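Bear in mind the structure is a predicted one, so any value in this text is a computation, not a measurement. The figures here come from the full heavy-atom set of this structure, side chains too, leaving out hydrogens, waters and symmetry mates.
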Amino acid sequence: MAKALGEDVTKLAAEQKRLLLSRLLARFAHEVRNPLSSLDIHVQLLEEDLAQAAPVVKEQTASRFEILRGELHRLENIVKHFLSLAGPSSLDLRPVEIAKVIIHVCELLRPEAAARGIEIAMMLPEGLPQIAADSVQLTQALVNLVINAIQAIERNGRVEVSADMDERGEILTIAVGDTGPGVPPDKQSAIFDPFFTTKAEGSGLGLWIVQQIITTHGGVIEVSNAPKGGAVFAAHLPLRRKENGNG
């Protein structure tokens, strides 16, 4: 009972954090969009004012306006990305064969891993049941986890993706382990926070997106370090979703 209560508290804390961060991102995106729209309008007006200028002036400013428009467009895309992350997540739940999802993701990322001297291995027992899930979102979560593992290793190592059920047949666990440096214990509680990253090539959003997807599916994700080194990210998904608190 204590273990179950602890899991419920963990889920509740993760959900509360997710909702708070979603609201903050939505607020941030809307606050940025207002001055961004104003800047876009004034850049257009400035271009119109300079249309009557001498040819040499128009030639000198053309490339600068191109940069300004490009950066404004990039910022607008970032705002749209934030708003999509902050918005409510709706799931298209269908029976999903998790083994097929894992095989697809591993084959998709195998060339990139091979270019870095990294092996991707799969440990998939026979007879894994189907799970009611959104295959698109679940695929995205697994892609993010494997990319995170590849980036953690950087060069020459191994990523292992596995799936298994608990003894009671209630929980399906998908685990992604790597031979990288692992996650320091004092960083494990913050690893799923947005923009938190320990990697030069990481955005700090990948693991947060993973947590959102797993939480929306009614599951929990956790990180630990393997005894022989390297990090292990384990997503625990219920095989039977609870509706309105009833099994």
Chemist: Answer with yes or no whether the hydrophobic clustering places Met123 together with Leu108; edges join I, L, V, M, F, W, Y residues whose side-chain heavy atoms lie under 4.5 Å apart.
Modeler: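 Shared cluster, no.
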
Chemist: State the CG-CD1 distance between Asn144 and Ile213, to the nearest 0.5 angstrom.
Modeler: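 Those atoms lie 6.5 Å apart.
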
Chemist: Donor-acceptor check, side chain of Asp134 to backbone of Leu93, threshold 3.5 angstrom: yes or no?
Modeler: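 Pair absent, no side-chain N/O of Asp134 close to backbone of Leu93.
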
Chemist: Can Gln137 and His217 be counted as having a side-chain donor-acceptor contact under 3.5 angstrom?
Modeler: no

Chemist: Do the non-hydrogen side-chain atoms of Cys106 and Leu109 ever get within less than 4.5 Å of each other?
Modeler: no

Chemist: Nearest 0.5 angstrom please: Asp49 CG to His42 NE2, how far?
Modeler: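 So the gap between those two atoms works out to 10.0 Å.
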
Chemist: Could you tell me if the side chain of Ile118 sits less than 4.5 Å from the side chain of Ile150, heavy atoms only?
Modeler: yes

Chemist: Using the side chain to side chain contact (heavy atoms under 4.5 Å, CB included) rule, take Leu237 and Ile171 through it: C-alpha gap first, then chi angles, then the decisive distance, then the call.
Modeler: CA-CA 6 Å; Leu237 295 166; Ile171 301 295; 6.0 Å; no

Chemist: Flag the pair Glu170 / Pro238 as yes when at least one side-chain heavy-atom distance between them is below 4.5 Å, and no otherwise.
Modeler: no

Chemist: Applying side chain to side chain contact (heavy atoms under 4.5 Å, CB included) to Thr215 and Val220, what does each step give before you reach the verdict?
Modeler: CA-CA 6 Å; Thr215 301; Val220 172; over 6 Å; no

Chemist: Is there a side-chain contact between Val176 and Glu160, using heavy atoms and a 4.5 Å cut-off?
Modeler: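 Val176 vs Glu160: side chains apart.
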
Chemist: Hydrophobic clustering (ILVMFWY, side-chain heavy atoms < 4.5 Å, transitive) - are Ile67 and Leu45 grouped together?
Modeler: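 Leu45 does not cluster with Ile67.
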
Chemist: Ile153 and Val159: which non-hydrogen atoms are nearest, and at how many Å?
Modeler: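 Here Ile153 and Val159 meet closest at CD1-CG2, 3.6 Å.
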
Chemist: Could you check whether any side-chain heavy atom of Phe233 comes within less than 4.5 Å of a side-chain heavy atom of Leu207, counting everything from C-beta outward?
Modeler: yes

Chemist: Which atoms form the tightest heavy-atom contact between Val210 and Ala141, and what is the distance?
Modeler: CG2-O, 3.4 Å

Chemist: Once rounded to the nearest 0.5 Å, what's the spacing between atom OG1 of Thr216 and atom CD of Gln212?
Modeler: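 CD of Gln212 is found 6.5 Å from OG1 of Thr216.
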
Chemist: Please find the pair of heavy atoms, one from Pro181 and one from Ala152, that lie closest to each other, and give the distance.
Modeler: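 Shortest heavy-atom contact: CD-O, 3.3 Å.
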
Chemist: Does a sphere of radius 6.0 Å around NZ in Lys58 hold more than 12 heavy atoms from other residues, nucleotides or ligands, not counting ones at 6.0 Å or beyond?
Modeler: yes

Chemist: So, Thr173 side chain and His236 main chain: donor-acceptor pair closer than 3.5 Å or not?
Modeler: no

Chemist: How far apart are the closest heavy atoms of Ile214 and Ile221, and which atoms are they?
Modeler: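 Heavy-atom minimum between the residues: CG2-N, 4.1 Å.
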
Chemist: Nearest 0.5 angstrom please: Glu119 CD to Asn156 CG, how far?
Modeler: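 Rounded to the nearest 0.5 Å, the CD-CG separation comes to 12.0 Å.
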
Chemist: Could you check Leu239 against Met165 for side chain to side chain contact (heavy atoms under 4.5 Å, CB included), going step by step and ending with a plain yes or no?
Modeler: CA-CA 9 Å; Leu239 287 171; Met165 284 190 304; 3.8 Å; yes

Chemist: Looking at every non-hydrogen atom in both residues, tell me the closest pair between Val96 and Ala133 and how far apart they are.
Modeler: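 Looking at all heavy atoms of both residues, the closest pair is CG2-O, 3.5 Å.
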
Chemist: Less than 4.5 Å apart, any side-chain heavy atom of Ile98 and any of Leu138?
Modeler: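 In short, these two side chains touch, coming nearer than 4.5 Å.
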
Chemist: Would you say the side-chain atoms of Asp178 pair up with the backbone N or O of Gly230, donor to acceptor, closer than 3.5 Å?
Modeler: no

Chemist: Check Arg69 with Glu47, please: is the shortest side-chain N to carboxylate O separation under 4.0 Å?
Modeler: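 Yes, this pair counts.
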
Chemist: Quick one: pull up CG in Leu142 and CG in Asn148 and give me the separation to the nearest 0.5 Å.
Modeler: 11.5 Å

Chemist: Please tell me if the side chains of Thr139 and His104 come closer than 4.5 Å, counting only heavy atoms from C-beta onward.
Modeler: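 Yes - at least one pair of side-chain heavy atoms lies under 4.5 Å apart.
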
Chemist: Do Leu124 and Ser162 make a side-chain contact, defined as non-hydrogen atoms from C-beta onward lying under 4.5 Å apart?
Modeler: no

Chemist: What do the steps show when you test Val136 against Asp92 for side chain to side chain contact (heavy atoms under 4.5 Å, CB included), and what is the final call?
Modeler: CA-CA 9 Å; Val136 173; Asp92 181 15; over 6 Å; no

Chemist: List the atom of Ala175, the atom of Val232, and the distance in Å for their closest heavy-atom pair.
Modeler: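 Scanning both residues completely, I find the closest heavy atoms to be CB-CG1, 4.3 Å.
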
Chemist: Rounded to the nearest 0.5 Å, what's the gap from CZ on Arg155 to CZ on Arg116? Could you check?
Modeler: 6.5 Å

